[in-house]
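Have a look at the structure below, then the notes.
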Amino acid sequence: MFKYFPHTPDDVQKMLDVIGVSSLDDLYAEVPEELKLHRELNIPTAKSEVEVRRIIEGLAAENRRLVCFAGAGCYDHYTPSLVPYIAARSEFSTSYTPYQAEISQGTLQYIFEYQTMMADLTGMAISNASMYDGSTATAEAMLMCVANAKKRNKVLISGTFQPNVLRVVGTYAKFHGVDLVTVSATAEGVTDREAVKTMVEADDVAGVIVAQPNRFGIIEDFEGLADLCHAHKTLLAINTVASALGVLKTPGEWGADIACGDAQSLGIPMGYGGPYIGYLCVNEALIRKMPGRLVGATTDAEGRRAFVLTMQAREQHIRREKATSNICTAQGFMCLYVAAYLSLMGEEGLREVNEQSYGAAHYLHERLLATGKFTEAFPGQPFLNEFTLRYDGCTCEFRKRMAEAGFLAGVRTEGMEGCITFAATETRTRQEIDQLVSLV
């Protein structure tokens, strides 16, 4: 018996004796027999570290690494080698939950730096210490709109969001009693501004949430939208792909009250779907409505710079049922990744990433149209590094053939028969694009 096993047979028997049960079978007597396994678990015997590594490597070898031309909220950007090195540094790996600031300075410092850079990137006043992912950040933005409005519980969300984001926000809305109204996209693939205007002017809307770029890759024009919302005491939230903020007009510049979205594009590997990190930034008027951690800088008794959790009355461990949200956990390790990435890239580096992604995507776009197999889904609409085309054939068969050849050729555009949404980043080469097009 290994000493590090949590419960020995003696430990188990002592616990059973305390609660007055003679055996584990008696403990689970109330569980119906048809729900029980009635056999031993298929768990291998103890193995050495070398053996475990071989097993894991064997499983990993079964994965097929495809050249990625897909996006839909998850993007194949390059992660500088220094980022994982910094993230592994022990001085940042202080206690998981930093309520005791004196022993959590490493964690608090990188969260503070993350907040500072994200607020700057979005053009907003304040950032929290992150959310689980972009969809939950958007859901929390919705709840903030309702909490701020007090007597209004209707929120408008653009139908140009990724379907998975709409589903998550819809789930939050259902169980919080929010009247969530999805505003359909126009034939041009953008938010129906006339529909938004009509509903906002009814003076019963707490918030409007829009996407930039949207699910089709289109860069939308939100000129005048903030003025419309604010004239009717409605908040405006803009969800933006974080990396794109290096070149696009920021939510702050559009006049938004809340900026939210996924920050996976800031140096976090695709990782087969996660873990990712949601960002949430607000103007100063909403600081007491914002969920999640908030780290501030101060000085200690000896005048040295120090970091602490601040404004904690917003959180459920202080206010309990009166809290704005039940979220107080941050994606700490992902925060550190993003902070390291942004500090290394800077404004110039982030701009270059977007310029290269723009060039790769537009070259791919032109080459695919030139094959005669694709046509524009939304002619003339501006895009950055993602776009939607209509395919002359079966999209399932097309993507299957491309995958067999080693390419992840876009994502089927949900709700649009025959359409595929492609993405290209700075990691895609002209040679890879030419190879994909030659297969088409």
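Treat the numbers as computed from the prediction; the structure is a model and nothing was measured.
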Within 45° cone and under 6.0 Å: R430 NZ/CZ vs Y363 ring:
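Yes - R430 lies over the ring of Y363, closer than 6.0 Å to its centre and within 45° of its axis.
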
How about [X] and [Y]: does a side-chain donor come under 3.5 Å of a side-chain acceptor?
X: D133; Y: T136; value: yes
X: H176; Y: N153; value: no
X: T191; Y: E220; value: yes
X: T388; Y: T421; value: yes
X: E201; Y: H232; value: no
X: T429; Y: Q431; value: no
X: Y276; Y: Q331; value: no
X: N239; Y: T138; value: yes

Considering only heavy atoms from C-beta outward, does the side chain of [X] approach that of [Y] to under 4.5 Å?
X: V168; Y: N164; answer: no
X: S243; Y: L350; answer: yes
X: V146; Y: R152; answer: no
X: S104; Y: L309; answer: no
X: S158; Y: N214; answer: no
X: V155; Y: V205; answer: no
X: V210; Y: L156; answer: no
X: L344; Y: V83; answer: yes

Just how far is it from atom [atom1] of [X] to atom [atom2] of [Y], taken to the nearest 0.5 Å?
X: L384; Y: Q212; atom1: CG; atom2: CD; result: 9.5 Å
X: T186; Y: E194; atom1: OG1; atom2: CD; result: 11.5 Å
X: M144; Y: I209; atom1: CE; atom2: CD1; result: 10.5 Å
X: E376; Y: R390; atom1: CD; atom2: CZ; result: 11.0 Å
X: C335; Y: I277; atom1: SG; atom2: CD1; result: 4.0 Å
X: E140; Y: M131; atom1: CD; atom2: CE; result: 4.0 Å

Centroid-centroid under 6.0 Å between F422 and F69 rings:
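Centroid separation for F422 and F69: 6.0 Å or greater.
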
Looking only at the aromatic ring of each residue, does the gap between the centers of Y341 and Y337 stay below 6.0 angstrom?
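Y337 vs Y341: aromatic centres not under 6.0 Å.
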
If you apply the rule salt bridge (Lys or Arg N to Asp or Glu O under 4.0 Å), what do you find for E223 with R193, and how did you get there?
CA-CA 11 Å; E223 193 66 43; R193 287 285 292 273; over 6 Å; no

Using modelled atom types only, decide if a donor and an acceptor are shared between the side chain of [X] and the backbone of [Y] within a distance under 3.5 Å.
X: D392; Y: K373; result: no
X: R401; Y: L439; result: no
X: E253; Y: T250; result: yes
X: R399; Y: G410; result: yes
X: Q264; Y: Y75; result: yes
X: D257; Y: L236; result: yes
X: Q105; Y: A101; result: yes
X: D262; Y: V241; result: no

Counting only heavy atoms not in [X], do more than 12 sit closer than 6.0 Å to its [atom1] atom?
X: Y85; atom1: OH; answer: no
X: Y172; atom1: OH; answer: yes
X: R64; atom1: CZ; answer: yes
X: K249; atom1: NZ; answer: yes

SB check [X] [Y] (cutoff 4.0 Å):
X: R428; Y: E432; result: yes
X: D434; Y: R367; result: yes
X: E347; Y: R351; result: no
X: R167; Y: E414; result: yes

Heavy-atom pair with the smallest gap, counting every atom of [X] and [Y]:
X: G159; Y: T182; value: CA-CG2, 3.7 Å
X: M118; Y: C281; value: O-SG, 3.9 Å
X: C68; Y: D76; value: CB-OD2, 4.1 Å
X: M311; Y: L294; value: CG-CD2, 4.0 Å
X: A72; Y: V411; value: CB-CG2, 4.1 Å
X: A361; Y: N385; value: CB-CA, 3.4 Å

Hey, what's the ring geometry for [X] with [Y], parallel, tilted or perpendicular (30° and 60° as the breaks)?
X: H365; Y: F387; value: perpendicular
X: F222; Y: W254; value: perpendicular
X: F374; Y: Y391; value: tilted

Quick one: list whatever passes side-chain hydrogen bond (donor to acceptor under 3.5 Å, both in side chains) with H362, sequence neighbours left out.
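So H362 forms no side-chain hydrogen bond (donor to acceptor under 3.5 Å, both in side chains) with any residue.
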
Where do F407 and V67 land on the side-chain contact (heavy atoms from CB on, under 4.5 Å) test, with the steps shown first?
CA-CA 5 Å; F407 293 91; V67 179; 3.7 Å; yes

Give the intermediate values and the outcome of side-chain contact (heavy atoms from CB on, under 4.5 Å) for residues Y78 and T425.
CA-CA 9 Å; Y78 176 70; T425 67; over 6 Å; no

Apply side-chain contact (heavy atoms from CB on, under 4.5 Å) to the pair M199 and K154, showing each step before the final yes or no.
CA-CA 10 Å; M199 286 186 271; K154 180 186 289 184; 5.6 Å; no

Could I get the full list of side-chain contact (heavy atoms from CB on, under 4.5 Å) partners for A242, not counting sequence neighbours?
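For A242 the side-chain contact (heavy atoms from CB on, under 4.5 Å) partners, ignoring immediate neighbours, are A263, S265, L266, Y279.
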
Working note: L342 + Y114, criterion side-chain contact (heavy atoms from CB on, under 4.5 Å); need CA distance, chi angles, decisive distance, verdict.
CA-CA 9 Å; L342 287 175; Y114 162 87; 5.9 Å; no

